[in-house]
Amino acid sequence: MQIIENSKVKEKLYIEKLENGLTVMIIPKNNIAKKYIIWATHFGSIDNHFIVPKTGEEVKIPDGVAHFLEHKMFEQRNGTNSLDTLSAIGVDANAYTTNDHTAYLYEATDNFYEALDEFMDYVQNPYFTDENVEKEKGIISQEIKMYEDYPEWQVYLNAIKCMYKENPVRIDIAGTVESISEITPQTLYNCCDTFYNLANMAMVICGDFVPEEILEEVKKRIIKNENGGEIKRIYTPIETEINEKEKVVKMDVNNPLFTIGYLDSPTSENIVKKHIAIQILLEMICGKSSELYRNLYSEGLLLNELQLDYEFTGNYAHVLITGQSKEPRKVIDKFKNEVEKIKKDGIDEEIFIRTKKKIYGRYVMDYNSVSDIARMFLSDYFKGINSFDYLEEYNQVTKEFVTQILNEIFQEEKMVISIVESR
Amino acid sequence: MNCNKINLKEGINLHIINTNKFKTNLLAVFLTMPLNRENVTKNALIPMVLRRGSSKLANIEQINNKLDEMYGADFNCGVDKTGDNYILKFYMESINNNFLPEQENILEESMKVLLDIVFNPLTENNGFKNEYVESEKENLKQIILGKIDNKSRYAYDRCIEEMYKGKPFGLYKYGYVEDLEGINAKNLYEYYKKMISECKIDIFISGEVDNSSKEILESNENIKNTKERQPIYNKKSEKADNVEQERVIEEKMDVSQGKLIIGLEVEKNDKGSKYSALVYNAILGGTPTSKMFQNVREKAHLAYVASSNYIRHKNNIFIRCGIEIADYQKALDLIKVQIEDMKKGDFTEDDIKNAKSSIISTIKSIPEEQDSEIMYYFGQEISEHKMEYSEYEQNIQNVQKQDIINIANSIKTNTIYFLTSNN
């Protein structure tokens, strides 16, 4: 096993790529009663067009399949449901789907190994029938409708739709009531065969473990040891121009919500450094300690601090700034002016240093819980990143580099606006 | 004892939780007072005004710059109802000194800043700063009106409101718009002075700390200046009105999905019945193996969310469901069957075992999160009942089937609330 140590947070990462292609990462934590395991396939809502390895057939799948599959994996041939089985022995099991991966997980204070039997068995044993697929459509339809009532989700998805014309990131992860109605057991088996092969999967384990021992326990429970090889995914071309400038919808809300998005070009080079620089920039421009935030807040234009995000994979990248305001347009205008002002005046040295300190503290705080640690290492892994790199590369982020990123990303023609207004 | 309670002055306690599980120290100050119609809006407004500036750090920018310098220490505040008490909560989370790049004592500094915000506000002309009070009144107004923004949360709050009409627990924790007009910088400050001299004060420190933090606190000017008191707060709480026939409330809004909330009153309330009620709730709707999840979601496919939660301080259970609007009667009938089945004792020893192991794993997870552990000990402080985790676990283990049936038969459906669509 390869061991990577980080002296800043005093943690170690043990990493091993098994012969069957599965990557296993272990972060041991002494003194912690909770054990956490997460196992994921590099298959998310954006992977909707690919070649089935067995048949060589090119397929396009309906929106929402990865998420549907996540719901159905728990179903067992003997009629039991693994979520029930795990819950019955007192472990807290769950699963989730993102744009680029589907993850299964549980946390346990007792019965970890008993749970591991069931956990590794169900993720490797799909069982789909017409009946069990049909019944899930009712449940997922309610999940979709629940999200339709969330203004935060609507404002987010509309910003994405403004930025992208074709990229499947613009699809709702759960699909639509119509799109999931097309799903059959065969659709699910095709996706399982393609994406649930060990070479396309990664596992992260965090808790009080001896790394060599837990790795052996995992190996023992692997059923099919073959390496499924490379998957051919067909992606839409990388988009460099925004799709539409803005989208405004009305909902039954008292306080309008808004999202400002900046379309960025995905890069593989210096991605961690770039991400750190963007976090510093966003904090400097409109974070809690910025002049802009103070002004907007005192003028009653913001109810709360803004949510600042940078999302990226190999096929898309964008910045998102989300908030609630009675006058979103005013906030957006002031935000734009602030960006231009910083571009013109340059970055203030003192603010830069202070913001860097804050960001550093936040990286350390990420190591507080076994679940946060495991989830962070997993999602970074699928982006080709080792999470420790944020702590390692932090010092190399200079004011000059941040200035360069500022001019690269925050361009008016790459900016979109999404607003949810009150009805 | 995991938590060391030190009486600083009458009515003012320090609770030290020494733990090495985290990278951070978490400080909390809780002010406890009776929940009532007269003061609820003022109480909600106070933390919002206090966070605007202290006499040492006079505005948001100064406070946040200071926090950034302390490697992104995180200040947070909020309000909560616990039984018939109102709690003002103030938190400061900062990196443990062991994980700082340079030798500094951030813990001591964090305490100073936190206590300053709570006990030493910025004042002018014998009142709070007028500008802050006026702008926070407007913000609070938006928050109160924004109650409708999250529909699931809104439905839940409304059910409680209907169930406890005219009683403290039925009050909306952010207060009422009509009260705002009468509040000004001067009378709010007068109220604050009275409140802070009468309320119960609990200060928590969780992290790698020792008893030296006691000395630091005792020598703190703000603590020195705060007088001892016979704290005024509610040790008992008012029950919901007895209803012969359950009340049915329907409200219309622009929603895709109907939100059904059912408020249950647990009439049995003796020693030990809270543990039986917890197990009852887990079997009814607290876990994936529960009756709600299995029958309403998995078998009837009526919902994605189908669960229940138990509020210990009020001895109430709330059932929550997101359903197709046309399925209202079907879902309601099915839920009633679950409640009846519980009364008949129609659940197995396995169900009891599953419920217990789920609760016990939750208990074991409490010390794995700083805030949960603080809330655990604070809950005990308010109910004046000390109990270690092991005793809590034993009390759950002791629950027998007959105890659960007794709880089931003491349960009355009080209010059925349905948020439905306009058309």
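Below, chains carry the letters A, B, ... as their sequence lines are ordered, and counting in each starts from 1.
Under the 4.0 Å criterion applied to side-chain N and carboxylate O atoms, B/Asp74 and A/Arg362 are assigned as salt-bridge partners. For A/Lys35 and B/Glu368, the salt-bridge test fails: no basic side-chain N is under 4.0 Å from an acidic carboxylate O. Using a cut-off of 4.0 Å between Lys/Arg side-chain N and Asp/Glu carboxylate O, B/Glu61 and A/Lys288 are scored as not salt-bridged.
Distance check: A/Gln142 CD to B/Ser256 OG gives 9.5 Å after rounding to the nearest 0.5 Å. Atom CD of B/Glu298 and atom CZ of A/Phe74 lie 10.0 Å apart (nearest 0.5 Å). Note: A/Asn31 CG to B/Asn20 CG = 4.5 Å, rounded to the nearest 0.5 Å. B/Met253 contributes atom CE, which lies 11.5 Å from atom CE of A/Met251 (distance to the nearest 0.5 angstrom). Atoms OH and CD1, from B/Tyr304 and A/Ile144 in turn, are 11.0 Å apart once rounded to the nearest 0.5 Å. Distance check, rounded to the nearest 0.5 Å: OG of A/Ser141 to CD of B/Glu324 gives 7.5 Å.
Heavy atoms closer than 4.5 Å to chain A are found nowhere in B/Tyr132, neither backbone nor side chain. Looking at A/Glu299, there are no atoms closer than 4.5 Å to chain B (heavy atoms on both sides), in backbone or side chain. In this structure, the portion of A/Lys326 lying under 4.5 Å from any heavy atom of chain B is its side chain and not its backbone. For B/Phe75, the part sitting under 4.5 Å from any heavy atom of chain A is the backbone (N, CA, C, O) and nothing else. Heavy atoms closer than 4.5 Å to chain B are found in both the backbone and the side chain of A/Tyr367. Residue B/Leu100 does not touch chain A at all, counting heavy-atom pairs closer than 4.5 Å. Contact of A/Glu134 with chain B is not made at all, since no heavy-atom distance falls under 4.5 Å. No part of A/Asn111 comes within reach of chain B, as not one of its non-hydrogen atoms sits under 4.5 angstrom from that chain. Only the side chain of A/Arg294 has a heavy atom closer than 4.5 Å to any heavy atom of chain B. With a threshold of 4.5 angstrom between heavy atoms, A/Glu136 approaches chain B through side-chain atoms but not through N, CA, C or O. Contacts of A/Lys137 with chain B are absent, with no heavy-atom separation under 4.5 Å from either backbone or side chain. With a 4.5 angstrom heavy-atom cutoff, B/Glu138 touches chain A only via side-chain atoms. Heavy-atom distances place no part of A/Ile351 under 4.5 Å from chain B, backbone and side chain included. Only the side chain of B/Glu136 has a heavy atom closer than 4.5 Å to any heavy atom of chain A. If you measure heavy-atom distances from A/Ile353 to chain B, you find no contacts under 4.5 Å at all.
Counting only distance, with no hydrogens or angles, the side chain of B/Lys151 and the backbone of A/Asp252 share a donor-acceptor pair below 3.5 Å. Of the possible donor and acceptor atoms, one in the side chain of A/Asp149 sits under 3.5 Å from a partner among the backbone N and O of B/Gln257. Side-chain atoms of A/Lys135 do not come within 3.5 Å of backbone N or O of B/His301 as any donor-acceptor pair.
Contact record, B/Asp149 with A/Asn254: OD1-N, 2.6 Å, taken as the closest heavy-atom pair. Across B/Thr24 and A/Asn368, no two heavy atoms sit closer than the pair OG1-ND2, 2.7 Å. When all heavy atoms of B/Ser94 and A/Met365 are compared, the closest pair comes out as CA-CE, 4.2 Å.
Using a 4.5 Å heavy-atom cut-off against chain A, the contacting residues of residues 63-71 of chain B are B/Asn64, B/Asn65, B/Asp68, B/Glu69, B/Tyr71. Interface residues of residues 355-363 of chain B toward chain A, defined by a heavy-atom distance below 4.5 Å and sorted by number: B/Ser357, B/Ser358, B/Ser361.
Note on B/Glu93, B/Lys353, B/Glu131, B/Gln62: by heavy-atom pairs under 4.5 Å with chain A, the leading option is B/Glu93. By number of non-hydrogen pairs under 4.5 angstrom with chain B, the leading residue of A/Glu152, A/Glu11, A/Glu283 is A/Glu11. By number of non-hydrogen pairs under 4.5 angstrom with chain B, the leading residue of A/Ser289, A/Gly138, A/Gly90, A/Gly361 is A/Ser289. The greatest number of non-hydrogen atom pairs below 4.5 Å with chain A, out of B/Val305, B/Asp351, B/Asn59, B/Ile323, is found for B/Ile323. Between chain B and the residues A/Arg354, A/Arg423, A/Met146, the largest count of heavy-atom pairs under 4.5 Å involves A/Arg354. When each of A/Leu302, A/Asp110, A/Asp366 is scored by its heavy-atom pairs under 4.5 Å with chain B, the top score falls to A/Asp110. When A/Lys34, A/His71, A/Glu148 are compared by the number of non-hydrogen pairs under 4.5 Å with chain B, A/Lys34 comes out ahead. Contacts with chain A were tallied for B/Ile95, B/Leu302, B/Thr289, B/Leu145; B/Leu145 has the most, counting heavy-atom pairs under 4.5 Å. Ranked by non-hydrogen atom pairs under 4.5 Å with chain A, the options B/Thr287, B/Val255, B/Ile60, B/Asn96 are led by B/Val255.
When the shell of 6.0 Å around NZ of B/Lys141 is examined, it contains 12 or fewer heavy atoms from other residues, nucleotides or ligands. For B/Lys330, the NZ atom counts as loosely surrounded, since its 6.0 Å shell holds 12 or fewer non-hydrogen atoms of other residues, nucleotides or ligands. Counting heavy atoms of neighbouring residues, nucleotides and ligands inside a 6.0 Å radius, atom CD of B/Glu369 does not exceed 12 of them. Counting non-hydrogen atoms of other residues, nucleotides and ligands closer than 6.0 Å to CZ of B/Phe347 gives a total above 12. Within 6.0 Å of OH in A/Tyr394 there are more than 12 heavy atoms belonging to other residues, nucleotides or ligands.
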Original post:
Can you check side-chain hydrogen bond (donor to acceptor under 3.5 Å, both in side chains) on B/Asn150 and A/Tyr150, steps first, answer last?
Top reply: CA-CA 7 Å; B/Asn150 181 332; A/Tyr150 285 150; 5.4 Å; no

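For the pair B/Asn354 and A/Ser87, the minimum side-chain heavy-atom distance is 4.5 Å or more.
A cation-pi geometry, defined here as NZ or CZ lying under 6.0 Å from the six-membered ring centre and within 45° of its normal, holds between A/Lys10 and B/Phe99.
B/Gln294 and A/Asp84 share a donor-acceptor pair across their side chains, judged by distance under 3.5 Å alone.
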